[in-house]
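Keep in mind that the numbers below use all heavy atoms, side chains included, and drop hydrogens, waters and symmetry copies.
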Amino acid sequence: MAGHSHWAKIKRAKGASDAKKGKLFGRLAREISMATKLGGADPGFNPRLRQAIANAKAESMTNDTINRAIKKGSGELGGESYEEMTYEGYGPSGVALLVEATTDNKNRTAAEIRSLFTKNAGNMSAPGSVAWMFQRKGLILIPQKSTTEEQIMNAALEAGAEDVQLGDENFEVTTLPEKLYAVEAELRKANLPVEKSQFTYLSTNPMTVSDEQVAQQVLLLVEALEDHDDVQAVYANSEIADEVLAKLA
């Protein structure tokens, strides 16, 4: 599972900026609407919606906002109809990137994402050109202070997880995508506090970036993509050296 913990440091650093710019709630609302559209409005029978609601509440989204997003997804309120899109491309020095987006106008979003790649020393590529370098996985985060490594390892593997890694602040439990919700449920039954549960992409071919200028260009490209209103998540196969990351921070 190389690459996730290191990249997560950058993702966490970006989190506060996203919230400040008012984009976080928009992304959470779109995920709720999309989950409703694909699996129905009852979280009891729709694990993706159940998790989307949990993530929204963790960020202090109000019940009114959550319910409005559910009604949009079910068609009760009308308005935009969203589609999920994945864009692929290369950044500086050939760093591979996957961009997940939820859009009501895929032609507009594709053109804008292509422009962001071009303006930031990258280029958007054809479907399939980058995806083979990543694996779709489920990811569950559990605070380190809440349990021991032995306890989480035993519980996670018994629940059907693939791996457990020690991150900066959390234990990172990885699963097959189709087992994410089942593993999460078993961990909760074991009284382990799940901080977050989500789907992610992990690089199978991580690329070490030790040049400070290249690293800065990669981060600027990722930041530009993440700042786009339609973008839900950005994944890269870059492994930026700790000393370079410290300088840029």
Side-chain angles (χ1 to χ4, degrees), residues 4 11 15 18 23-88 97-113 124 127-128 130-132 134-141 159-162 173-188 194-202 225-226 228-235:
H4 174 265
K11 299 288 286 182
D18 284 345
K23 296 180 183 294
L24 181 59
F25 275 16
R27 287 173 176 157
L28 292 168
R30 286 191 180 199
E31 171 59 18
I32 291 171
S33 294
M34 181 57 64
T36 302
K37 178 181 178 181
L38 296 176
D42 186 347
F45 295 94
N46 185 343
R48 177 173 171 178
L49 175 59
R50 185 165 61 247
Q51 188 58 54
I53 293 172
N55 291 342
K57 288 185 174 180
E59 298 295 342
S60 301
M61 181 179 280
T62 65
N63 288 332
D64 284 345
T65 304
I66 291 172
N67 291 333
R68 189 160 56 250
I70 291 174
K71 288 178 179 179
K72 282 187 178 181
S74 66
E76 187 176 342
L77 285 184
E80 304 93 342
S81 178
Y82 293 117
E83 295 180 80
E84 290 184 313
M85 305 296 297
T86 301
Y87 304 100
E88 304 177 36
L97 293 104
L98 281 180
V99 182
E100 289 185 319
T102 304
T103 177
D104 60 349
N105 187 330
K106 60 183 181 181
N107 292 329
R108 170 186 53 77
T109 301
E112 292 174 355
I113 296 299
M124 198 164 85
V130 165
W132 62 273
F134 295 85
Q135 284 185 328
R136 185 73 160 167
K137 295 291 182 180
L139 175 67
I140 301 168
L141 302 181
E162 283 193 321
V173 181
T174 51
T175 75
L176 292 172
E178 62 271 19
K179 290 188 175 182
L180 173 63
Y181 300 121
V183 172
E184 178 195 354
E186 289 301 313
L187 292 178
R188 290 187 185 277
V194 174
E195 182 174 290
K196 194 168 187 180
S197 174
Q198 65 188 65
F199 293 106
T200 189
Y201 281 101
L202 301 182
L225 291 167
E226 287 189 329
H228 191 284
D229 286 341
D230 295 343
V231 171
Q232 296 291 97
V234 180
Y235 307 95

Contact check, side chains of L97 and V130, non-hydrogen atoms, under 4.5 Å
no

Note: R48-E31 ion pair, threshold 4.0 Å (strictly below):
yes

Using the test salt bridge (charged side-chain N to carboxylate O under 4.0 Å, His left out), find all partners of D104 that sit at least two apart in sequence or belong to another chain.
R108

Exceeds 12 heavy-atom contacts within 6.0 angstrom, atom NZ of K72:
no

Using a 3.5 Å distance criterion without hydrogens, assess whether the side chain of D229 forms a donor-acceptor pair with backbone atoms of K23.
no

How far apart are the C-alpha atoms of R188 and E186, what are their side-chain angles, what is the distance that settles it, and do they pass the side chain to side chain contact (heavy atoms under 4.5 Å, CB included) test?
CA-CA 5 Å; R188 290 187 185 277; E186 289 301 313; over 6 Å; no

For E84 and L38 the tightest heavy-atom approach is OE1-CD1, 3.8 Å

Do the non-hydrogen side-chain atoms of F199 and L180 ever get within less than 4.5 Å of each other?
yes

Which value, rounded to the nearest 0.5 Å, describes the distance between N105 atom CG and N107 atom CG?
6.0 Å

Would you mind reporting whether I53 and I70 have side-chain heavy atoms less than 4.5 Å apart?
yes

Would you indicate whether the side-chain heavy atoms of L77 and R68 approach each other to under 4.5 Å?
yes

Rounded to the nearest 0.5 Å, how far does CD of E76 lie from OG1 of T36?
11.0 Å

Please lay out, stage by stage, how E100 and Y87 fare under the test side chain to side chain contact (heavy atoms under 4.5 Å, CB included).
CA-CA 7 Å; E100 289 185 319; Y87 304 100; over 6 Å; no

Report the residues that fulfil side-chain contact (heavy atoms from CB on, under 4.5 Å) with A69, sequence neighbours left out, ordered by chain and then residue number.
A29, I32, S33

Got a second to check how far Q135's CD is from T174's OG1, nearest 0.5 Å?
10.0 Å

Could I get the full list of salt bridge (charged side-chain N to carboxylate O under 4.0 Å, His left out) partners for R50, not counting sequence neighbours?
none

From N55 atom CG to K57 atom NZ, the distance as rounded to the nearest 0.5 Å
12.0 Å

Worked check of side chain to side chain contact (heavy atoms under 4.5 Å, CB included) between I140 and K196:
CA-CA 6 Å; I140 301 168; K196 194 168 187 180; over 6 Å; no

K37 (side chain) donor-acceptor with Y82 (main chain) under 3.5 angstrom:
yes

Which heavy-atom pair separates A159 from V183 by the least distance, and what is that distance?
O-CG2, 3.5 Å

So, the side chain of E88 versus the backbone of G128: is there a donor-acceptor pair under 3.5 Å, distance only?
yes

Any chance you could measure M61, atom CE, to L28, atom CG, to the nearest 0.5 Å?
4.5 Å

Sub-4.5 Å side-chain heavy-atom contact between E162 and K137
yes

Atom CZ in F134, atom CG in L202: separation rounded to 0.5 Å?
9.5 Å

Would you please say whether a donor-acceptor pair under 3.5 Å links the side chains of S197 and E184?
yes

Do L98 and V234 have side-chain heavy atoms sitting under 4.5 Å apart?
no

Apply side chain to side chain contact (heavy atoms under 4.5 Å, CB included) to D230 and R30, showing your working.
CA-CA 9 Å; D230 295 343; R30 286 191 180 199; 2.8 Å; yes

So does P177 get a backbone contact from the side chain of T175, meaning a donor-acceptor N/O pair under 3.5 Å?
no

Between H228 and I113, is there a side-chain heavy-atom distance shorter than 4.5 Å?
yes

Any donor and acceptor pair, going by atom type alone, linking the side chain of N46 with main-chain N or O of D42 inside 3.5 Å?
no

Counting C-beta onward and ignoring hydrogens, is there a side-chain heavy-atom pair between Y235 and T200 closer than 4.5 Å?
yes

